[in-house]
Asker: 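Would you mind keeping the following structure in view while I ask a few things?
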Amino acid sequence: MIYRLIIITFLCFLTANAQQKFENDGKKIKPKLVVGIVVDQMRYDYLTRFYERFGEGGFKRMIRDGFSCKNHHFDYIPTTTAPGHASIFTGTTPQNHGIIGNSWYDKISKQNVYCVEDNTVSPVGTSSSEGKMSPTKLKVTTIADQNRLHTQMQGKTISIAIKDRGAILAGGHTANAAYWFRGKGQGNWISSSYYMTRLPKWVADFNESNIIDSYFRDWDTLYEIDSYTASGNDNTHFERGFKGKEKAVFPYNLQQLKEFNSQYDIIKHTPYGNSLTVDFAIAAIAGEKLGENNYTDFLTISFSSTDYIGHNFGVNSKEIEDTYLRLDQDIERLLLILDKKVGQDKYTVFLTSDHGATQVPQYLQSIKIPAGYFKEATVHLELKNHIKSFYKTDSIIESISQSQVFLNHKTIKNNTLDSKEIQNKIAYFLLQTNRVDKVYTRIQLENSNFSSGTGSLIQKGFNSTRSGDVCYVLDPGVIAYAKTGSTHGSGYNYDTHVPLLFYGSGIKQGATIKRTTVADIAPTITTLLNIALPNGATGNSINEIVD
C-alpha cells in the first residue's frame, strides 16, 4: 500500500511538472519582431573567405553571439531565386510549393509564365507592368502567413527586396505589404493592388527624398585594392562589366555610366543596391512601427544586388569581395537600428541565401579544373529534329526550358503514340550529348522514390502539375550561360551550400556541422514562436538552436 502511494505521488509530481512546463512554454516571451534576411547568391565560403576583413558588428556579431549552421544545403534542383525564397519561407521544396523556377512553361496557356506575374492586379507607385505582381502562384503558406493567422491578423508582415520575387514570395499570401524597386527612368519603391490601393506616406516620402539619387556616385573599393587578397586580379577577361566602360576594373563612375545602363538600374548592380535596401528597411521599421505592439511582427529583407554583381563579375572578382565587405557594414547598420528601435533581446534574425554560384567556367579551365559551357539552343534543335525523324511531326515536343522537355500530350494521344517510349527516346538522345550528366523521365520521377543523390534533388524540385516530362542535369562546372560572370541552378555543392545564421531572442549561442536543409528554417522559426507549421512544410525544426 505504501509503495502504491509513493508511485501515485511520483506520477502526480511528473504530471504537475509537465503541466507547468507546458504552461511556461505557452507563456514564453516571444520576439517582438522576426527579421528574415536572404542574401541572393551568397555561397557559404563567402563567410570564411572574407571573415578576417569583416567588422565586429555585422556577420561576426551574428556568428559570435548567435548560432551558425555550417553544413546547410538546398536539397533540390533548380537552385534559383524564386524557388529559393519560396522554400526558405514555406519549409518545403518546389515539389510541394509549386514555384519550380523564376519562370516556367505553362501547360495550360502554352506560354512561359513569370513566378509572380498577375494580370488581375494593378501597379501601385508606377504605371509600369512591373507592378502587376502577386503571390498567387505560391501553393502553400509561409511562416509569415502562419504568424498572421496565429495572431488573428494582428502581427504585421512587411517584405522588401530589389527583386519583386524576392519580396513577394518571402512575404506570402497575407503580407500587409511587399515592396520592390523599379529602376530604369523611375527609381522608386513600388507595390501592387494585391496589397494596397496606394503607397503609404512613409514610402511616398522615401521615394521623393534624395536618398535614391545619392547613390549615383563612384563605386571604388572600400579599402586599398591591393589589400583585397581573397579574390583574383581586378583586370581579367572573366568579367562582363558595364556598358560605357571599356574594362571591368575599379573605379566605376555611376553618374556617367547610368546613361548607358538603364539609368536607376545601375544602382541595383552595385553594392549601393544593398545599402538602399537597408535604408528602405529602416524606414519601414519606423513607418510601420514594427516590433512596437503586443504581437510578433515579420520583416523580410532580400539583398538582390549580390546576385546581380555575381552574374556580372563572377565569384572570384574584386567586385564580389568589395560587395560583401560593404554588405557587412550594412548588416551592422541594420542590427544597430533594431537594437535601438525594437530593443536588444526583443528581436530574432535569421540570415541565409537562396542559392550559391559556380566559379566562371573559363577561369576554372584556365587552372585545369574540369568545366565548360553547354550549347543549349543547338542541343534543343538537334533533339527536336531527332524526335521528328521518328514520328514525322515536329509537334511532339511542345517546349524545352529550364532543362526540362515538355511534351504535347494532345498530339501524342491523337496519334496513339506511347508517351513512355517518347520519354525514353529523348532521355537516350540527351545522355549521348556532350556535357549532359544525367536524365530523368516523368515516369521515373512519379513511380520511384529517390532517397538520395541527384534523383532525390530532381524529385524534390519536380512538381507534377507544372514540371516537364524529361529533366536533364549538366556535368559539374558546366553551365548554359555567357562566358563572363557566374550563374547557378545546379544541385552541386557550389550551388547548394549556403550560410544559415540565427541571432537574437530565443537563440542559443553555438554552431553545428550537422547537415541541415532549406526546409528546416521555417519549422525552426515556428518552434521559436510556438505557432503552427506552414501547411506544406516538410522540414524539421533545428532544435539545438532554440533556447
Side-chain angles (χ1 to χ4, degrees), residues 76-78 80 82-83 93-95 98-115 117 137 372-450 453-476 478-481 487 489-491:
Y76 63 81
I77 297 172
T80 52
T93 67
Q95 183 180 43
I99 305 299
I100 62 171
N102 293 336
S103 60
W104 59 85
Y105 180 75
D106 182 68
K107 302 171 195 176
I108 298 174
S109 65
K110 308 298 182 185
Q111 61 185 6
N112 282 330
V113 297
Y114 181 54
C115 59
E117 69 178 31
K137 291 182 174 64
Y373 297 89
F374 181 66
K375 297 180 179 179
E376 191 174 58
T378 300
V379 172
H380 290 177
L381 180 59
E382 290 174 350
L383 173 59
K384 289 179 179 178
N385 289 334
H386 176 72
I387 295 302
K388 181 179 179 180
S389 70
F390 278 100
Y391 300 104
K392 311 308 177 188
T393 176
D394 58 2
S395 62
I396 296 291
I397 295 177
E398 196 166 83
S399 178
I400 307 176
S401 64
Q402 312 297 323
S403 301
Q404 297 183 51
V405 182
F406 293 79
L407 299 180
N408 187 325
H409 290 280
K410 184 176 181 180
T411 296
I412 292 170
K413 181 179 179 180
N414 289 345
N415 291 276
T416 62
L417 302 176
D418 186 342
S419 177
K420 181 178 180 180
E421 176 188 90
I422 295 170
Q423 290 177 43
N424 288 336
K425 286 185 183 298
I426 292 171
Y428 183 78
F429 175 87
L430 289 171
L431 284 169
Q432 312 311 308
T433 302
N434 188 34
R435 306 293 197 188
V436 173
D437 183 50
K438 294 178 178 66
V439 182
Y440 296 86
T441 67
R442 175 176 286 272
I443 299 293
Q444 288 176 297
L445 294 170
E446 291 185 338
N447 293 279
S448 303
N449 185 18
F450 296 95
T454 306
S456 175
L457 299 178
I458 289 285
Q459 201 164 50
K460 287 181 179 178
F462 183 87
N463 183 270
S464 289
T465 60
R466 291 180 176 173
S467 295
D469 299 287
V470 180
C471 306
Y472 63 87
V473 177
L474 301 179
D475 287 332
V478 174
I479 58 176
Y481 195 67
T487 193
S490 79

Asker: Can you see which heavy atom on Asp469 is nearest to which on Gln423, and at what distance?
Answerer: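 It is O-OE1, 3.5 Å.
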Asker: May I have the step-by-step check of side chain to side chain contact (heavy atoms under 4.5 Å, CB included) for Ile99 and Trp104, ending in yes or no?
Answerer: CA-CA 9 Å; Ile99 305 299; Trp104 59 85; 4.1 Å; yes
Asker: Which heavy atom in Thr441 sits nearest to a heavy atom in Ala427, and how many Å separate them?
Answerer: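 Of all heavy-atom pairs spanning Thr441 and Ala427, the closest is CG2-CB, 4.0 Å.
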Asker: Measure from the side-chain N and O atoms of Thr433 to the backbone N and O of Phe429, and report whether any donor-acceptor pair falls under 3.5 Å.
Answerer: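 Answer holds: yes.
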Asker: Take Arg435 and Asp475, measure what salt bridge (Lys or Arg N to Asp or Glu O under 4.0 Å) needs, and give me the verdict at the end.
Answerer: CA-CA 5 Å; Arg435 306 293 197 188; Asp475 287 332; 5.4 Å; no
Asker: Considering all heavy atoms of both residues, which atom of Ser464 and which atom of Arg442 are nearest to each other, and what is their separation?
Answerer: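 Taking every non-hydrogen atom into account, O-NH1, 3.1 Å.
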Asker: How far does CD of Glu382 sit from CG of Leu430, to the nearest 0.5 angstrom?
Answerer: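 That separation rounds to 10.5 Å.
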Asker: Taking side chain to side chain donor-acceptor pair (under 3.5 Å) as the definition, give me every residue that meets it alongside Asn102, ordered by chain and number, with sequence neighbours left out.
Answerer: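 Asn102 satisfies side chain to side chain donor-acceptor pair (under 3.5 Å) with Arg165 only.
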Asker: Determine whether Asp106 and Lys110 make a side-chain contact, defined as any pair of heavy atoms from C-beta on separated by less than 4.5 Å.
Answerer: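 No, their side chains stay 4.5 Å or more apart.
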Asker: Do Leu445 and Cys471 touch side chain to side chain, with heavy atoms closer than 4.5 Å?
Answerer: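 Yes - at least one pair of side-chain heavy atoms lies under 4.5 Å apart.
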Asker: Does any non-hydrogen side-chain atom of Ile387 lie less than 4.5 Å from one of Lys425?
Answerer: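 Side chain of Lys425 against side chain of Ile387, heavy atoms only: contact under 4.5 Å found.
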Asker: State the CD1-CD distance between Ile426 and Glu421, to the nearest 0.5 angstrom.
Answerer: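 So the CD1 of Ile426 and the CD of Glu421 are separated by 11.0 Å.
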Asker: Between Leu474 and Asp437, is a side chain to side chain contact (heavy atoms under 4.5 Å, CB included) present by the stated rule, with each step listed?
Answerer: CA-CA 5 Å; Leu474 301 179; Asp437 183 50; over 6 Å; no
Asker: What verdict does the side chain to side chain contact (heavy atoms under 4.5 Å, CB included) test give for Val405 and His380, after you've listed the backbone C-alpha separation in whole Å, the side-chain angles of each residue and the deciding distance to 0.1 Å?
Answerer: CA-CA 9 Å; Val405 182; His380 290 177; over 6 Å; no
Asker: Of all heavy-atom pairs between Leu407 and Glu398, which one has the smallest distance, and what is that distance?
Answerer: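 Closest approach of Leu407 to Glu398: C-CB, 4.0 Å.
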Asker: Do Lys107 and Ser399 make a side-chain contact, defined as non-hydrogen atoms from C-beta onward lying under 4.5 Å apart?
Answerer: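 No, their side chains stay 4.5 Å or more apart.
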Asker: Nearest 0.5 Å, what's the CG-NZ distance between Asn408 and Lys410?
Answerer: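 Output value for this atom pair is 8.0 Å.
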Asker: Of all the heavy-atom pairs spanning Ser419 and His409, show the shortest one and how long it is.
Answerer: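 Here Ser419 and His409 meet closest at OG-CE1, 3.9 Å.
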Asker: Find the distance between CD (Gln402) and OG1 (Thr80) and round it off to the nearest 0.5 Å.
Answerer: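 Gln402 atom CD to Thr80 atom OG1 measures 7.0 Å (nearest 0.5 Å).
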Asker: How would you list, by chain and number, every residue that makes a side chain to side chain donor-acceptor pair (under 3.5 Å) with Tyr440, sequence neighbours excluded?
Answerer: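 In terms of side chain to side chain donor-acceptor pair (under 3.5 Å), with neighbours along the sequence ignored, Tyr440 is linked to no residue.
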Asker: To the nearest 0.5 Å, what is the distance between CD1 on Ile397 and CG on Leu383?
Answerer: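 Going from the CD1 atom of Ile397 to the CG atom of Leu383 covers 4.0 Å.
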Asker: Using a 4.5 Å cut-off on heavy atoms from C-beta on, say whether the side chain of Phe374 contacts that of Val436.
Answerer: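 A side-chain contact exists here, since the closest heavy-atom pair is under 4.5 Å.
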Asker: Rounded to the nearest 0.5 Å, what separates atom NZ in Lys388 from atom OG1 in Thr393?
Answerer: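 So the NZ of Lys388 and the OG1 of Thr393 are separated by 8.0 Å.
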Asker: How close do Phe406 and Ser401 get, counting heavy atoms only, and between which atoms?
Answerer: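 Scanning both residues completely, I find the closest heavy atoms to be CE1-OG, 3.8 Å.
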Asker: Answer yes or no: is there a side-chain heavy-atom contact under 4.5 Å between Asn385 and Ser389?
Answerer: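 They are not in side-chain contact.
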Asker: Does any non-hydrogen side-chain atom of Asn415 lie less than 4.5 Å from one of Tyr391?
Answerer: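 Result no, sub-4.5 Å side-chain heavy-atom pair not found.
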Asker: Before giving the answer on side-chain hydrogen bond (donor to acceptor under 3.5 Å, both in side chains), spell out for Gln459 and Tyr76 the whole-Å C-alpha distance, their side-chain angles and the decisive distance to 0.1 Å.
Answerer: CA-CA 7 Å; Gln459 201 164 50; Tyr76 63 81; over 6 Å; no
Asker: Evaluate the side-chain proximity of Lys137 to Arg466: yes if any heavy-atom separation is below 4.5 Å, no if none is.
Answerer: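 Yes. Closest side-chain heavy atoms under 4.5 Å.
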